[in-house]
Amino acid sequence: MAKSPAVLPLPLLLPPEVHRPASQAEAEIPQPLWLALVFPKLALEVHDDQRSDIPAVAVKEYKGRSVVHTASRLAEVQGVRAYMPVNAACALCPGLKVYPVNEQLQHDRLQQLAVWAEQFTSKVNVQSPQAMLLEVRGSLKLFGGLSAIQDQIRQQLTEQWRQSFHSAVSPTPMASLLLANSGESDVVHNKQHLRSVLGGLSVNNLPIGLKKKQQLRNTGVRLLRDLWRLPRHALARRFGPELISYLDRTLGLIPDPLDFFSSPDEFETFYEFPMEVHNTALLLNVAGQLLQQLVIFLRQRDVCINQCQFQLYHDRCAATNIIVGVRQATRDHKHLISLLEEHLNRLSLAAPVMSIKLSANDFILFSPEDLSLFLEPELDQPLLRKESDIVTLLEQVQARMGRDAIRTFHSVADHRPEYAYRVNETVTKKCESTKQHRPFWLLPEPRVLPQKNHRPWLQGPVTLIKGPERIQAGWWSGHDVRRDYYIAVDNKGSHLWIYQELNEHCRWYLHGLFS
Amino acid sequence: MGYSPDNTSENVRLPLYAELHCISNYSFLRGASFPEELVERAACLRYRALAITDECSLAGVVRAHIAAKEHNLHLIIGSEFTLQDASRFVLLATDRASYGRLSHVITVARRQARKGEYYLTRQILERHHPKGCLALWLPNFSDTDHEHTINDQALRWLAQCFPQHCWIAVELLLTGDDQKRLHILQALGEKHRVPLCASGDVHMHHRPRRALQDTLTAIRLGKPLAQLGYELFPNGERYLRSRQRLQKIYPQALLEETLRIAECCQFSLDELRYEYPKELVPNNHTAKTWLRVLTEQGMQRRWPQGTPDKVKKAVEHELALVDEMAYAPYFLTVYDIVQYARTQGILCQGRGSAANSAICYCLGITEVDPDRMQLLFERFISKERNEPPDIDVDFEHERREEVIQYIYQKYGRERAALAATVITYRPRSAVRDVGKAIGMSLDQVDRLAKSIHWWHHVETIEQQLQENGFSLQNPLIERLVILVQQILGFPRHLSQHVGGFVINQGKLSHLVPVQNAAMPERTVIQWEKDDLEALGLLKIDILALGMLSAIRKALTYVSRYSKQTVTLADIPAEDPAVYQMIQQADTVGVFQIESRAQMSMLPRLKPRSFYDLVIEIAIIRPGPIQGDMVHPYLRRRSGEEVITYPSDAVKDVLSRTLGVPIFQEQVMQLAMVAAGFSAGEADQLRRSMAAWKRKGGLDQFEGKLLEGMKARGYSEQFAQQIFNQIKGFGEYGFPESHSASFALLAYASSWLKCYHHAAFTCALLNSQPMGFYAPAQLVADARKHGVHVLPVDVCISAHDSTLEFTGDNGSSEITSKKQSLRLGLRIIKGLSSTGIDNIICARKQRPFANVQDMATRAKLNKKDMECLAAANALKSLTGDRHRAYWQIAGIENNIPIFETPQFLEGDVMLSIPSEGQNITADYATTGLTLGRHPLALLRDRLSRRRIRKAEELWELNNDTKVTTAGLVICRQRPGSANNVVFVTLEDETGQTNVVVWPQLAERQARELLNAHLLCVQGSIQQEDGVLHLIAFRLQDLSTWLGDLSVHSRDFC
């Protein structure tokens, strides 16, 4: 009978109660010291136009409605709080600026901050969405003590980054985070003091769901101290073993290994020619090998690139830069080579080349979608699709002729003729066109026609042969068109597309020519 | 260039024309003009006729009909259809029979589809062929051979379907291909021998509606305008074009053909005749004799000792009038419904002008005793006005559906349906839809819409937007404002009327189209109340009233413990103790006279009799208040002012209200006796009164009224005063007959409150939501009056609140003093009804041993258990709330195979909840507390700030500056009070009425709208036992409450 699945596993989940061996060896290892940085307004501060002196909020969806996620200081002053519906916030705070929470921007900013933080220690851990941990024990000596580090961090974050933050220091990462999240800037050096320092914190600061927090409050547990009074197994049963494990990690009763941040690599490779090179064919050969290295690099990291850069170094004059850019991120060797070839063919070398460098950064995560559009040598059977061929072809043409060389038209559903087509660089959209008779050539701007005897005149009288076709549209866009269109013939027999404005001026315009 | 319709010499030369294809805004989100606008414009352009042909609908035709009569225009009734195969045509009714068939086809098409849609195929049309209708075929634009074939086939079919009755509608709309199109259609016409006629596919009455028409398209298709492309019309030619223009566009013959068609269509809605159901009359009787039999039976029952002569006379008089007007079947129909309710034990009461007649009292439709009421029933049906009798019947709100289903069952869906209510654009919905259409982001639209507050008037939308930081210079906002103003009042869809039933002897669908409502098992007709009234069709209002449920329940409880049946009729009349209670404004929970305005009037008016209550109910309405009738009445009643009448005729009308017109009936009578209005004119006046705020149109009466009164020797001041009162009445005029019915319920509920407070409160709690006060206030009031209230307990409480009898069970004398009110489980917020049922079911087997036992046997889910814990309903099982939560958190679910699992857990070190925590939780979970008032806990802190208690205010002199604070339990902004906001604050000693003038309301809107705990600085105004605090500063102290959640009831 004792096989109840809900009963059995419990004891296994519980770590041993007593943890204070204090063996000689462990005592000698210096305790780590974690500095936590929490950026409470990060969701707002990632927006560059977000100055601190306007009321603003970042909002997110919560239970199907838009609620405040982060409020700026000024918004808080006016009574805006987290989880308040956006409309309520707007009502409280007229002129409130509203941003959606942008996780990508936050992630990017945290990455940048992590790179910055590496100057203080090699052990930086990013805690998405808005915090990071720095292990600073090893850096104390170098920087001249903890307060010196803290001062530098404070100064740089405030002045350079203009980033608001809380920080706290303790021997365990979770305790530091907890303290910083509570807005406490404590420094706790010793694990033994953690209980007393943390005991007074509200359970609201625990990284558990809103619902669990509510449950804790419901049972009268307001502070961490109250929580520690409760039996572990009973707590685990109600709030899950994760909570127990979290509490143990916070107090340092069990280890809490973290992954450390490492800066993204930059690809750079260099080749020095044994002799001066005049000939682009040879250049291409070597460059192809360098590209091969790049492609291997990209595949190892499962990323691709939008562009890479070659630098050709000469003896006495400045280096020649070649930027090979693609329209869709790639790591296709052949494609890159063919693009480079186009560049080299157009290049006239100012001087012989002594050495060549290939560099690339800004890596983009490789996604299989990109794959379908390209000839992927990684696959056994290259995917050949007409569309991708065209894209490749277009890119090659553009690489040779310049970006402006290619334009495509596609029609747009709009009654106004001048809005009924659009110029694009690639063919993407399906065409939807009007059933009405439209001229092949449309003038870039309608041309005013002079009038004689209330009749339009174009180097002679113009005869209306079909119409009117009345077009009234576009009032919503600020470009209101109200015209009567006619097909007309001038005295040379050309078919014209002309219109008369439906306003007090009743002016005539030439808008197009039929072929 | 300009064409002037008044230029008659030119007019003569212009061709005549009848527009045969024109949709109004009752083709929802397609047509961009009201039917009235179209009719008026067509008349102005001197069209020979106009057909209103809304898509598969006749919803707008009655309005068009009224306007057409006014403008003397030949109106044709028709409808436009698109079949499933996309072929389109218009059908026009030629006579009553073809109208009936057209209406039936619409019904068939509508009933086969969801609400708002229709489904029509060739087969359906052939099966329900609308013989006699004329068909106008609407060709689709054709350019390809394929489309030609389709058009060809469609026309062939339609021409066969309507031989000699089919035309091709040639709609030339300046698309550039007009000539080509004309040629193609001429060829088609010759091929199939179908004549051609001109028509305009009209969507709006004049050109400037083009932008609105585009916007409606965008709203209909759910896309912003910029994305619509060719789904919009290329131009705005679909308007009622001048005949001059038509002359240029169409061949003369096509225009003339429209006149021939119009000539064939001679049907008018005036021909519609309504027939009452006949089955209610036994074979050997006519409706007239049967009504007399029933009335006499009722008289016997009402007055077993003999009917008073006065009543007898009244009955004879009424029967004669009913007979003359042939309204007997109507009374029989209402009687039948009420009779059904009686047999089912559903409490009901009639109201309305005819309801308070002696006949209705005899028939049991109302309990307003004609012997008690002196002056009401004389004019219950106006013969001169030819106004149909008006009887609304209120039923218990929880059981009205049974009555509705009875009606459907008795008469069948063919013959009975609900009237429609046209849902129209209100400021907020208009801003939302237009905003989306013109391409604003959802976020923006949301903010815009929310910035339009519930109390804002149409005219101030611009101002509101500006105040909320939207610049009017922004072209987007500019366009929005213009379009919103145009779209306001436009119909959006048909919904069901709250309870207006139309019952017919024959098939209803031949009278008016019937369609499906959103609710399953409901059908509505396409006309609303005003339409029915305009055509003289009768409807019976089957309404829901919460107070009837409460009274029925209270009477049941009282009957149970007093061991004798107590009914509404058994409540003793004119009990002085009841009036004493009412005079002290001790009326929390009582019907109608419980609102704060009513309460503040009661000590002044001091009702002493039933008729005083009738007046009390009618006088505290926006109408009389705006018309400045309250103070004169009070002064005259207290003797401060002499009661005078400008003439004997006026005295007849006004003597019962001391010379001050209070009821709607009096205003109409005044217009007749003092200003010489005919009965018909007075009736028109009444209709315009109801609508002038929206439409205007009272001006025409002003001159006539003032002159008429002057001619009869009344002073100009008196005349002006009467006119102002008429204006004030506006939408809010309250008829005496309604007031009398309401007064009866007000008295009955007061009596229950006075003598059976526990039962009364229990009934109110079990009929929630209803009334003006939340359970918290009802319970607090009951406790103040000595009712013992017991908390909700999972081991004892039933679903509803119940009465428990404490003390000696053996004693047969149970008085109301010994009762306790046990709160029911239903009062717990969030607790599911299955949860409640399971608890009660499991508890019946055996009492709960502990929380785990309860959870297992009652199969409660986590949420239900949390609700129980939150409401402190587990106290008897677990101890305090903290422990309850702790225990339920530890309950293991889903171990069905095993016996109740037992975990050995020692007592845990949980804190005991403080009083504040408990009260907070009480409010959050049940909305009421049996503990101290939350303000009592804050009193020390409040006192330090010199914030006074509510009861202390009464000891202060007028104009004393004082600060008080309380929970905001109600915010009101009556329409009559010029933007003044009334706030009711509550502390542990009572309630305070705060008056917030508009300037302050605007300046401190945040505090006013958001505060739960509001601190008010203001000055005292005390008069006749009524205290107001005129606020001059507000402060939001809500943070003091922690997360105490107090919800105010906001009324607009």
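The sequence lines fix the lettering, A, B, ..., with proteins before strands; numbering per chain opens at 1. The structure presented is a predicted model; accordingly, all values stated were derived computationally and were not measured.
Around the CZ atom of A/R222, the shell of radius 6.0 Å holds no more than 12 heavy atoms that belong to other residues, nucleotides or ligands. Counting heavy-atom neighbours within 6.0 Å of A/H505 NE2, excluding the residue itself, gives a total above 12. Within 6.0 Å of the CZ atom in B/R207, the count of heavy atoms belonging to other residues, nucleotides or ligands exceeds 12.
In this structure, A/R238 satisfies the cation-pi test against B/W886, with its NZ or CZ atom closer than 6.0 Å to the six-membered ring centre and inside 45 degrees of the ring normal.
For B/Q179, no part lies near chain A; criterion is any non-hydrogen pair under 4.5 Å. There is no contact between A/L502 and chain B, counting heavy-atom distances below 4.5 Å. Contacts of B/L173 with chain A are absent, with no heavy-atom separation under 4.5 Å from either backbone or side chain. Of the atoms belonging to A/R482, it is side-chain heavy atoms, and not backbone ones, that fall under 4.5 Å from chain B. Neither the backbone nor the side chain of A/Y486 has a heavy atom closer than 4.5 Å to any heavy atom of chain B.
Distance check, rounded to the nearest 0.5 Å: CZ of B/R883 to OG1 of A/T219 gives 10.0 Å. Of the inter-residue distances, the one linking B/R210 atom CZ with A/D480 atom CG reads 5.0 Å to the nearest 0.5 angstrom. To the nearest 0.5 Å, atoms CD (A/Q214) and CD (B/E866) are separated by 8.5 Å. Taking CD1 from A/I471 and CG from B/L174, the interatomic distance works out to 11.0 Å, rounded to the nearest 0.5 Å.
In this structure the side chain of B/L228 never reaches within 4.5 angstrom of the side chain of A/W476, judged on heavy atoms.
Side-chain contact of A/W475 with B/D214: a donor-acceptor pair under 3.5 Å is present, judged by distance alone.
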Take B/D178 and A/E469 through the side chain to side chain contact (heavy atoms under 4.5 Å, CB included) test and state the conclusion after the steps.
CA-CA 9 Å; B/D178 287 354; A/E469 179 187 350; over 6 Å; no
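Between A/H415 and B/Y230, the ring planes are perpendicular. Angles over 60° get that label, and only those under 30° would be called parallel.
Judged by distance alone, the side chain of B/N235 and the main-chain N or O of A/R470 form a donor-acceptor pair under 3.5 Å.
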